[in-house]
Amino acid sequence: MSERPEKPISRYPVPDLESLDADIRSRIEAVHEKAGFIPNVFLTLAHRPAEFRAFFEYHDALMLKEGGLSKAEREMIVVATSALNDCHYCVIAHGAILRVYSRDPLVADQVAVNYRKADITPRQTAMLDFAVRIAASPGQVGQADFEALEAHGFDAEDIWDIGAIAAFFGLSNRIANMIDMRPNDEFYAMGREP
């Protein structure tokens, strides 16, 4: 196997942990302790501390809440919409998280390439149809989209969550692409073994 050239994790400066405000450093250290590594998104976004705080507060509000969507389904939305937005970082990182939450080593790759052919439920396909519509053509969302989701048991709050996750990661995808955020090597192997 040939050696890959070492690439920076961002085209913008990445601050040293020691130079960060205590709250940001503490958040990053907690993630490091839990994951065993520091996902590059934490390091790259720390370049702009106020935005780091706002980003992760909204991220947590969407991705860690209780509701009608499982953690795996939330990650499916991220993977499907990030693939649509050509976001290398989010497809790889959230694909890894999806594999872990779903305990399925295949689903993330299937959803990233073509969720319509993935081994997921009709309910999840409807969810991703809506998420992709929000990501690609939000001006075309109408009553029929809501009715299709309601037919699969989603309530109004679930639908908001689907749309908000797609919209939030649209922002995330664009920032990641702009700064050329590189996924950690650790993500590629996560959740591959059943």
> How far apart are the closest heavy atoms of L69 and R74, and which atoms are they?
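Answer, listing the atom of L69 first, then R74: O-NE, 3.4 Å.
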> Are the side chain of R123 and the backbone N or O of G153 linked by a donor-acceptor pair below 3.5 Å?
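Side chain of R123 to backbone of G153, a donor-acceptor pair under 3.5 Å: no, none is there.
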> Got a sec, which pairs hit side chain to side chain donor-acceptor pair (under 3.5 Å) with one end in residues 32-46, sequence neighbours left out?
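Every pair satisfying side chain to side chain donor-acceptor pair (under 3.5 Å) with a residue in residues 32-46: N40-N184.
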> Show the nearest heavy-atom pair for residues E73 and M127, with the distance to one decimal.
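Scanning both residues completely, I find the closest heavy atoms to be O-CE, 3.6 Å.
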> Residues in ring pair (Phe, Tyr, Trp, His ring centres under 6.0 Å) with H47, at least two apart?
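So H47 forms a ring pair (Phe, Tyr, Trp, His ring centres under 6.0 Å) with Y12.
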> Please tabulate, for side-chain N and O atoms in residues 159-169, each donor-acceptor pair with protein atoms closer than 3.5 Å (sequence neighbours left out).
{"residue": "D161", "atom": "OD1", "partner": "K65", "partner atom": "NZ", "Å": "3.1"}
{"residue": "D161", "atom": "OD2", "partner": "K65", "partner atom": "NZ", "Å": "3.4"}

> May I have all residue pairs that pass salt bridge (Lys or Arg N to Asp or Glu O under 4.0 Å) and include part of residues 169-189, sequence neighbours excluded?
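Listed once each, the pairs are R4-D185.
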> Got a sec, which residues hit side chain to side chain contact (heavy atoms under 4.5 Å, CB included) with L17, two or more places apart in sequence or on another chain?
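Listed in chain order: L20, I28, I38, L43.
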> Considering residues at least two apart in sequence or located in another chain, which fulfil the side chain to side chain donor-acceptor pair (under 3.5 Å) criterion with D60?
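Once residues adjacent in sequence are excluded, the partners of D60 under the side chain to side chain donor-acceptor pair (under 3.5 Å) criterion are R27.
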> Could you tell me whether D104 and R99 have a side-chain N and a carboxylate O separated by less than 4.0 Å?
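Answer for the salt bridge query: no.
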> Roughly how far apart are S172 OG and H94 NE2, rounded to 0.5 Å?
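Going from OG on S172 over to NE2 on H94, the span is 6.0 Å.
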> Return the minimal non-hydrogen interatomic distance between R192 and P105, and the atom names on each side.
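Where R192 meets P105 most closely, the heavy atoms are O-CB, 3.1 Å.
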